[in-house]
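Positions are given from 1 along the sequence.
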Amino acid sequence: MSAARTIICLLRNDLRLHDNEVFHWAQRNAEHIVPLYCFDPRHYLGTYCYNFPKTGPFRLGFLLDSVKDLRATLQKKGSNLLVRQGKPEEVVGDLIRQLGSVSAVAFQEEVTQEELDVEKGVKDVCSQLKVKVQTFWGSTLYHGEDLPFNHISRLPDVYTEFRKAVESRCRVRPVLPTPDLLKPLPPGLEEGPIPTHQDLEQLDAPADSRSAFPCSGGESQALARLQHYFWDTDAVASYKETRNGLIGVNYSTKFAPWLAMGCISPRYIYEQIKKYERERTANQSTYWVIFELLWRDYFKFVAMKYGNKIFALEGLQGKSVPWKKDMTLFNAWKEGRTGVPFVDANMRELAQTGFMSNRGRQNVASFLTKDLGLDWRMGAEWFQYLLVDYDVCSNYGNWLYSAGIGNDPRENRKFNMIKQGLDYDNNGDYVRQWVPELRGIKGGDVHTPWTLSTAALSHAQVSLGETYPSPIVMAPEWSRHVNKKPSGAGPSGAGPSQGRKRGPSHTPKQHRDRGIDFYFSRSKNL
């Protein structure tokens, strides 16, 4: 009697059961399914240029949560998740030899080099062992095969052109149904322990009560977050007004970490937005969630088009810039010791929570590349290490933009750190939250402590160069905004004027319709 057909579902950045074509296909074509996740030792080595740890404590914690959650979900469906520590191509080969009944290995395709190398390794071992390989596209809102460009080389180099083309000429594929029960595992397989931080030689991620992302990994948590943000609170209906916030959980969707690991499907988010628009309200905010999902798609397709150029010092256009590699400046940036409070607050939030707002990311990237003139890859690799929502395509795509070497011809945007701080943290609450040594400085004055009198600094118990650094660089454009800060009377500033809406989670009215952030701004006065 022939052995029952077994399909190995190799999971990587698709840690979910809903809308996962790998499972959907395996269900229809196998008698036994082996869901498999491998903790690949290569993910815990150093980054390519500067040898920072590739996976930091926050993302590892989120990954461990996600793997545990998927195992629990699969167990409820009559299956389980096999967990192994090792290179996927080697683990898959061992399983094929052990089981003797494997007819196919299925996985979701990725687009960047290290992931493609794994795919080639898996295909090679399957070819040697005469096992079929079935791959699927599943990480973007729009399917790669549905793009309205004859070939990926025809992908527009400007996001707006891409967006208009897909919105007018493509449809989002429907969400696949989630199976009630999964085909069982073949007998005799050990599920395998889920490793700890210590097993992977990582530090535990400390909890911080100030975190804007105090959430756990996993499909269950992702679906609960969408339920909360859309249906329980209607927060999605004001997303466009609040998305430039800095403090709290609900100023933005916070879907990115779950999207990066595939715990939630972008098509499911789209489907739920459309349902929300039908049943509750459709406005600029609900559209803006789709708009941001399209940015994520675009960076993925840009990575397909340009390949390893997204990692190159010269960027997508081969542009030569005399980047510096000054470790003293870089260390001040990464540790939040630049003496520029808005930069320091954001960098400390990242170091202590693994998260930073979109507004913060744009600013600290501009500061590193434009104010300090440092190699942009230092910043990209530091973000890779620490971000809980690190996604290779979005991370490198955004850093290329910030460095002015991406594929958009409108280059050399430079953010004004003081103007940005006053625009988005007008009373300084965010800075004081993350830079406690400046708590004695009231109101917007906290963004420019070096402009205060000796008496004001003394009153605030701040000593520049001792309790808090003097700025490591000064940009001439900052001076235009020094006298526009909200502050009170007296040497220490008595706080913001009465009646001003407090709190950095409020986007000032004049900035609500800035459109598409700095990506499309022709203005140099950001």
Side-chain angles (χ1 to χ4, degrees), residues 5-37 62-63 65-83 104-109 134-144 146 171-186 191 194 215-232 236 253-279 289-290 293 296:
R5 277 180 311 169
T6 299
I7 291 177
I8 296 173
C9 296
L10 175 62
L11 303 165
R12 296 186 293 168
N13 293 319
D14 54 338
L15 297 177
R16 67 177 184 272
L17 183 57
H18 78 274
D19 196 35
N20 190 332
E21 198 170 358
V22 172
F23 282 119
H24 189 75
W25 179 81
Q27 268 295 96
R28 298 198 315 270
N29 290 283
E31 292 162 61
H32 295 292
I33 294 176
V34 181
L36 170 68
Y37 184 82
F62 198 81
L63 172 62
D65 289 341
S66 301
V67 170
K68 287 171 193 164
D69 183 75
L70 184 58
R71 174 172 275 179
T73 297
L74 296 179
Q75 286 172 341
K76 288 174 195 157
K77 302 279 187 177
S79 179
N80 202 341
L81 178 64
L82 255 68
V83 173
V105 174
F107 57 80
Q108 180 179 287
E109 297 167 28
Q134 184 73 36
T135 66
F136 298 97
W137 185 268
S139 62
T140 53
L141 179 59
Y142 287 97
H143 196 288
D146 298 342
R171 68 177 184 93
V172 175
R173 294 187 182 186
V175 169
L176 297 166
T178 303
D180 293 323
L181 276 177
L182 282 169
K183 300 283 176 68
L185 288 159
E191 66 172 16
I194 296 173
C215 308
S216 304
E219 178 179 21
S220 307
Q221 294 292 321
L223 298 176
R225 172 63 184 170
L226 185 145
Q227 172 69 28
H228 173 81
Y229 194 79
F230 285 21
W231 302 103
D232 298 346
V236 68
T253 67
K254 302 295 196 300
F255 292 152
W258 290 293
L259 280 164
M261 289 187 187
C263 300
I264 194 167
S265 158
R267 288 173 298 279
Y268 176 73
I269 297 173
Y270 179 87
E271 183 184 80
Q272 289 290 302
I273 281 281
K274 292 299 173 187
K275 183 170 188 270
Y276 186 92
E277 290 181 333
R278 287 192 304 273
E279 296 181 10
V289 175
I290 298 168
L293 287 174
R296 188 176 163 274

Peer 1: Using 0.5 Å steps for rounding, measure from the CG atom of Leu70 to the OG atom of Ser220.
Peer 2: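 If I round to the nearest 0.5 Å, the distance is 9.0 Å.
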Peer 1: Restricting to side-chain hydrogen bond (donor to acceptor under 3.5 Å, both in side chains), what partner residues turn up for Ser79, sequence neighbours left out?
Peer 2: none
Peer 1: Would you say that Leu226 contacts Val236 through its side chain, given a criterion of any heavy-atom pair below 4.5 Å between the two side chains?
Peer 2: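 Counting from C-beta outward, Leu226 and Val236 never come under 4.5 Å.
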Peer 1: How would you list, by chain and number, every residue that makes a side-chain hydrogen bond (donor to acceptor under 3.5 Å, both in side chains) with Lys77, sequence neighbours excluded?
Peer 2: none
Peer 1: Nearest 0.5 angstrom please: Asn29 CG to His24 NE2, how far?
Peer 2: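 Going from the CG atom of Asn29 to the NE2 atom of His24 covers 10.0 Å.
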Peer 1: Can you list the residues that meet the side-chain hydrogen bond (donor to acceptor under 3.5 Å, both in side chains) rule with Arg12, with sequence neighbours excluded?
Peer 2: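 Residues passing side-chain hydrogen bond (donor to acceptor under 3.5 Å, both in side chains) with Arg12: Glu119.
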Peer 1: Quick one: list whatever passes ring pair (Phe, Tyr, Trp, His ring centres under 6.0 Å) with Tyr276, sequence neighbours left out.
Peer 2: Trp231
Peer 1: Could you work out, with salt bridge (Lys or Arg N to Asp or Glu O under 4.0 Å) as the rule, every residue matching Arg71, not counting sequence neighbours?
Peer 2: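 Testing Arg71 for salt bridge (Lys or Arg N to Asp or Glu O under 4.0 Å), a comparison that skips the adjacent residues, returns Glu191.
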Peer 1: Taking all non-hydrogen atoms of both residues into account, name the closest pair between Ile33 and Gln27 and its distance.
Peer 2: CD1-OE1, 3.4 Å
Peer 1: Where do His18 and Leu223 land on the side chain to side chain contact (heavy atoms under 4.5 Å, CB included) test, with the steps shown first?
Peer 2: CA-CA 10 Å; His18 78 274; Leu223 298 176; 3.9 Å; yes
Peer 1: Could you measure the distance from the CZ atom of Phe107 to the SG atom of Cys9? Nearest 0.5 Å is fine.
Peer 2: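 Between Phe107 CZ and Cys9 SG, I get 12.0 Å after rounding to 0.5 Å.
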Peer 1: According to side-chain hydrogen bond (donor to acceptor under 3.5 Å, both in side chains), who are the partners of Glu109, at least two apart in sequence or on a separate chain?
Peer 2: Thr135
Peer 1: Under the salt bridge (Lys or Arg N to Asp or Glu O under 4.0 Å) test, which residues partner Asp65, sequence neighbours left out?
Peer 2: none
Peer 1: Below 4.5 Å, heavy atoms only, C-beta onward: do Pro186 and Val34 meet side chain to side chain?
Peer 2: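 Pro186 vs Val34: side chains touch.
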Peer 1: Mark yes or no for whether Lys183, through its side chain, and His32, through its backbone, hold a donor-acceptor pair below 3.5 Å.
Peer 2: no
Peer 1: Only counting residues at least two apart or in another chain, list the ones meeting salt bridge (Lys or Arg N to Asp or Glu O under 4.0 Å) with Arg173.
Peer 2: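 Scan of Arg173 (salt bridge (Lys or Arg N to Asp or Glu O under 4.0 Å), adjacent residues dropped) gives Glu145, Asp146.
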Peer 1: Could you tell me how the ring of Tyr229 sits relative to the ring of Phe255: parallel (under 30°), tilted (30 to 60°) or perpendicular (over 60°)?
Peer 2: perpendicular
Peer 1: Using side chain to side chain contact (heavy atoms under 4.5 Å, CB included) as the criterion, point out the one residue from Leu63, Asn20, Asp69 that pairs with Leu15.
Peer 2: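 Going through Leu63, Asn20, Asp69 one by one, the side chain to side chain contact (heavy atoms under 4.5 Å, CB included) with Leu15 is satisfied by Leu63 alone.
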Peer 1: What residue pairs, at least two apart or across chains, pass salt bridge (Lys or Arg N to Asp or Glu O under 4.0 Å) with a residue in residues 216-229?
Peer 2: none
Peer 1: Between CG of Leu185 and CG of Leu82, what distance do you get to the nearest 0.5 Å?
Peer 2: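 Here the interatomic distance stands at 6.0 Å.
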Peer 1: List the atom pairs, donor and acceptor, that lie under 3.5 Å between side-chain atoms in residues 256-270 and the rest of the protein, sequence neighbours left out.
Peer 2:
from: Trp258; atom 1: NE1; to: Ser216; atom 2: O; distance (Å): 3.1
from: Trp258; atom 1: NE1; to: Gly218; atom 2: O; distance (Å): 3.4
from: Ser265; atom 1: OG; to: Asp19; atom 2: OD2; distance (Å): 2.5
from: Ser265; atom 1: OG; to: Arg267; atom 2: N; distance (Å): 3.1
from: Ser265; atom 1: OG; to: Tyr268; atom 2: N; distance (Å): 3.3
from: Arg267; atom 1: NE; to: Asp19; atom 2: OD2; distance (Å): 2.8
from: Arg267; atom 1: NH1; to: Thr140; atom 2: O; distance (Å): 2.8
from: Arg267; atom 1: NH2; to: Asp19; atom 2: OD2; distance (Å): 3.0
from: Arg267; atom 1: NH2; to: Gly138; atom 2: O; distance (Å): 3.4

Peer 1: Which distance, rounded to the nearest 0.5 Å, do you find between the CZ of Phe230 and the OG1 of Thr253?
Peer 2: 7.5 Å
Peer 1: Could you tell me which non-hydrogen atom of Leu11 sits nearest to which non-hydrogen atom of Tyr37, and how far apart they are?
Peer 2: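 Minimum heavy-atom separation between Leu11 and Tyr37: O-CD1, 3.3 Å.
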Peer 1: Would you call Glu279-Lys275 a salt bridge at under 4.0 Å N-O?
Peer 2: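 Yes.
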Peer 1: Quick one: closest heavy-atom pair of Leu17 and Thr73, and the distance?
Peer 2: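 Heavy-atom minimum between the residues: CD2-CG2, 4.1 Å.
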Peer 1: Under a 4.5 Å cut-off applied to non-hydrogen side-chain atoms, are Phe23 and Leu74 in contact?
Peer 2: yes
Peer 1: Without hydrogens or angle criteria, can the side chains of Gln227 and Asp232 be said to hold a donor-acceptor pair below 3.5 Å?
Peer 2: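 Yes, because at least one side-chain N or O of Gln227 sits under 3.5 Å from a partner of the opposite role on Asp232.
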Peer 1: List in chain and number order the residues that pass side chain to side chain contact (heavy atoms under 4.5 Å, CB included) with Asp180, two or more places apart in sequence or in another chain; answer none if no residue qualifies.
Peer 2: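 Side chain to side chain contact (heavy atoms under 4.5 Å, CB included) check on Asp180 returns nothing, list empty.
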Peer 1: Quick one: CD on Glu21 to CH2 on Trp137, what's the gap to the nearest 0.5 Å?
Peer 2: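 Result: 12.5 Å between the selected atoms.
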Peer 1: Who are the salt bridge (Lys or Arg N to Asp or Glu O under 4.0 Å) partners of Lys274, not counting sequence neighbours?
Peer 2: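 Lys274 satisfies salt bridge (Lys or Arg N to Asp or Glu O under 4.0 Å) with Glu277 only.
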